[in-house]
Amino acid sequence: MTVYQYDVCSFLLLSLMLVSMIIRKLYKGIVHKTFTMFVVLLLTNTLCDILSSAPMNTIDPLMKRVLREGGTFLYFILHASVLPMFTIFMGLAAGTWYKFINQHKYTKVVFFLPYAVNIIAVLTNPWTHAVYKIVDGEYVRGDLILLTYITGIFYVLHSFVYLKRFRGVLDKRSIMAFLSIYPYTFLAVIMQYIYPDHMLEMFAYSIAVMTMMIFVIRPEEALNSAVGAKTLSAFRTDMGNIYLSEKEYNIYMIKVGSDSSLIQLYGINMHDSIMKELVGMISEKVRNILPIGTEYGIYYLNYGLVAVSVDSRYAEKDMAQEIYDALTDEVHIEKIYLSLECSVCDISIPKDMPSFDSVINFIDSFEKSSAAPGAFVYGELTQQEKIKMCFDIDRYIRKAINNHGFRMYYQPIYSVRENKFVTAEALIRLNDEEVGFISPADFIPAAEKSGAIYEIGDFVIDSVFDFIHKTEQFGVEYIEINISAMQCMNDRFVEDIKRKLEYYGVSNKAVNFELTESASAILDDVLSRTVSQLHAEGIEFSIDDYGTGYSNLQRIMSEPIKIIKIDRSLIRELSNDKTRAVLSDTIRMIKSIGLEIVAEGVETAETAQWLIDKGCDFIQGYYYAKPMPEEEYLEFLRKTS
Ligand code: C2E
Ligand code: CA
Ligand code: CA
């Protein structure tokens, strides 16, 4: 007499999971969809297991026979699919499935062949009775039953090897959850061996699946419910799958121009509501454009940054434009009417972005890009823009390092007191023969991320130190060199500088290091120590881009700083009365604590005069001179000194 009550438990458990998946709408997206299908598969499999073995003595014999035959037949078909499907689910959750299945032309064959053999054996069973037969209404095993065990073992081993190979991309929790299927089923098999009538296998599966549901399916990680879109972490997984699948997708990135002021004005809760409204508007537009039922992904990547992914086969040519147009409508939340100023960018992958990393980097650069609010970056980008947008800049940096593609330029700085150009700022240039000029404002941040900044920094120091001698005869007192905070954090930096000063025979008075305001704001112990060590060696420091961050003069005063460089964004706004007032105060304050001032980005005579009147010590900008190559700079000095 079989004990089939475990199957009943399993059936209830799986039904509960299914209902929970449906209520929580966890059937969208490939991973969730596969998991839901897996639960449905186990559920029907359990039902068939009950039909194949439960006593049905009170039922009409013909009916009993139909249920028994049908149930058993379906049981074997479904049962053969459980383990292969488990592996597929695991692969999709890890984002490695396509990579695995496309790696070799035989991979597919090896993976699906045992399954196919198994299925054929079951399909032909009504004639061969090789796998099982029904005798007097009861199920009896056939010789070929061994086949199902062998394929079962094959898939268990296979999934184990798979898990081992891709364990690097899964977190520990998921690995443990996936692994749980083995002891559970192993225990079930042992138990069933000891108590042959206890049908435990499906129960073991359902417990394992529940473990997976708890530990692998984590909607809170994939879904930002406050704004109704998927999260950055889901974006990473999905992009990973897209790249590995080698399919073509269009990604539309939407940035709200004035986002940080929205947060300041309305607070984070209201901001979320605004973003939810925005996501809704985008979603509705995309749904209207795409053929009915087409899937698309919508993600909330960061404050004010939304992405939509659409299979390129369905993406319309001017979809970005249409999304953009839809967003010019007013957003209406409670009593607030807002018109958001968005920029939209259309990227085709893999065409525009060769790798997963470039997309992730791009999010960063798009977020920071100065594309004016309302600007529309779209479709056919020029080669130059593409480089900027794609941010596959690492490759060009590498190339420039290998082929000596960097050059130093010098921008003369006018000294008010001495009425001549006694100093200059060294600025790096990258001119790529393929794509032309790449701005340091773009490649320096990339180099800081990739670590290439150390090599670039070495190049800058070497070439400036090597060049300085040629400027001395013209009365140049020192050259300002931009130093990235990253460089300073390197514990070899101080020693390197000392060694190089000596090697090139450069006086410590002949150079001045510029650190940006943002670096000084995070002046941590290491940076602070570096600054004071170099200062002890006689090197002076400037604070660059003053006025762009949250500088704390008090904090700056505690460091050995000699010069403050007022950022050109403030200088540019000089026509504005308020900025003028703020700037006057700032200059007075800096002077009062005894620091020198450089005004950057001065483009007109009036601006220069105003700053001189206010007491700035140095003026730098296109009004006097643009950055120029070495020879030109020497020529400039020859003429002006
Ligand atoms: P920065 O240090 O603020 O450099 C001043 C920037 O303003 C330079 O841009 C310069 O060409 C530009 N500029 C100068 N006068 C004017 C003007 O009158 N009007 C306008 N509109 N712009 C003016 P550049 O050369 O593109 O450099 C951009 C940034 O890249 C620099 O900003 C600096 O942060 C970084 N950078 C440049 N060279 C180096 C370097 O050798 N090492 C490091 N770590 N960073 C560098
Ligand atoms: Ca600078
Ligand atoms: Ca600056």
Side-chain angles (χ1 to χ4, degrees), residues 365 368 370 388 393 397 400-401 405-414 421 423-431 436-467 478-490 493 497 511-520 527 530 540-549 551 561 563-574 597-608 611 616 618-630 632-633:
S365 72
K368 296 204 189 96
S370 48
K388 208 168 162 189
I393 257 172
I397 296 178
I401 290 175
F406 291 114
R407 289 280 169 278
M408 291 316 290
Y409 274 46
Y410 294 85
Q411 184 175 32
I413 299 176
Y414 174 72
F421 298 88
T423 136
E425 177 173 4
L427 294 157
I428 194 166
R429 293 289 175 264
L430 198 183
N431 204 350
F437 178 72
I438 303 177
S439 164
D442 288 327
F443 72 77
I444 294 287
E448 286 178 334
K449 258 185 244 163
S450 69
I453 190 69
Y454 299 119
E455 283 159 281
I456 295 179
D458 279 345
F459 164 79
V460 171
I461 299 286
D462 283 320
S463 48
V464 175
F465 282 15
D466 198 20
F467 173 68
Y478 59 89
I479 300 285
E480 306 224 335
I481 303 174
N482 291 285
I483 304 289
S484 138
M486 290 272 293
Q487 273 171 280
C488 283
M489 304 281 203
N490 190 333
F493 187 63
I497 295 295
V511 290
N512 170 298
F513 286 171
E514 293 188 6
L515 276 176
T516 62
E517 186 189 37
S518 52
S520 70
L527 191 62
T530 307
E540 301 288 355
F541 281 84
S542 306
I543 292 294
D544 200 357
D545 301 346
Y546 183 81
T548 51
S551 274
I561 302 292
I563 300 173
I564 301 259
K565 299 190 78 174
I566 299 177
D567 192 63
R568 66 171 183 272
S569 60
L570 282 176
I571 307 289
R572 203 170 36 201
E573 299 279 304
L574 257 190
I597 301 179
V598 180
E600 281 189 319
V602 176
E603 295 185 355
T604 63
E606 298 85 73
T607 314
L611 291 159
C616 285
F618 299 93
I619 315 281
Q620 174 182 4
Y622 295 170
Y623 170 62
Y624 290 108
K626 291 196 167 182
M628 49 189 98
E630 289 177 359
E632 222 173 284
Y633 172 51

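Keep in mind the model is a prediction, meaning the values are calculated, not measured. We count ligands from 1, going down the list as the structure has it; atoms in each ligand are counted the same way.
- Listed by chain and number, D544 OD1, D545 OD1, E600 OE1, E600 OE2 are the protein N/O/S atoms closer than 3.0 Å to the Ca ion (ligand 3), with waters left out.
- Distance check for atom 9 (O) of ligand 1: every protein heavy atom is found at 4.0 Å or beyond.
- In this structure, atom 34 (O) of ligand 1 has no protein heavy-atom contact shorter than 4.0 Å.
- Inclusion of D545 in the set of residues having an N or O under 3.5 Å from an N or O of ligand 1 is warranted.
- When all heavy atoms of I397 and A452 are compared, the pair lying nearest together is CG2-CB, 3.8 Å.
- Inclusion of Y622 in the set of residues having an N or O under 3.5 Å from an N or O of ligand 1 is warranted.
- The ligand atoms of ligand 1 that sit less than 4.0 angstrom from a heavy atom of V460 are 41 (O).
- In this structure, CD in E600 is found 4.5 Å from NZ in K565, a value given to the nearest 0.5 Å.
- Within E425, OE2 is the N, O or S atom that lies nearest to the Ca ion (ligand 2).
- There is a protein heavy atom closer than 4.0 angstrom to atom 45 (N) of ligand 1.
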Open item on the list: Under the criterion side chain to side chain donor-acceptor pair (under 3.5 Å), I'd like the reasoning laid out for N512 against S542: C-alpha separation, chi angles, the key distance, then a yes or no.
Closed with: CA-CA 7 Å; N512 170 298; S542 306; 2.8 Å; yes
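- Polar contact with ligand 1: present for Q411 (N/O pair, distance under 3.5 Å).
- Proximity of the aromatic rings of Y410 and F467 is defined here by a centroid distance below 6.0 angstrom, and this criterion is met.
- Looking at ligand 1, you won't find any N or O of Q487 less than 3.5 Å from one of its N or O atoms.
- Close contacts of ligand 1 with S484, meaning ligand atoms under 4.0 Å from a residue heavy atom, involve 44 (N).
- The side chain to side chain contact (heavy atoms under 4.5 Å, CB included) check on A400 picks up F406, L430, with sequence neighbours excluded.
- Checked against a 3.5 angstrom limit, the closest N/O atoms of I428 and ligand 1 fall inside it.
- Within ligand 1, counting atoms from 1 as listed, the ones closer than 4.0 Å to a heavy atom of P627 are 11 (O).
- Taking a 4.0 Å cut-off on heavy atoms, E600 registers as neighbouring ligand 1.
- A ring-centre distance under 6.0 Å is not found for Y414 and F618.
- Put simply, no part of R572 is less than 4.0 Å from ligand 1, judged by heavy atoms.
- Between R429 and ligand 1, at least one pair of N/O atoms sits closer than 3.5 Å.
- Contact annotation: K626 has no heavy atom less than 4.0 Å from any atom of ligand 1.
- By the criterion of a heavy-atom distance under 4.0 Å, the side chain of I444, and not its backbone, is placed next to ligand 1.
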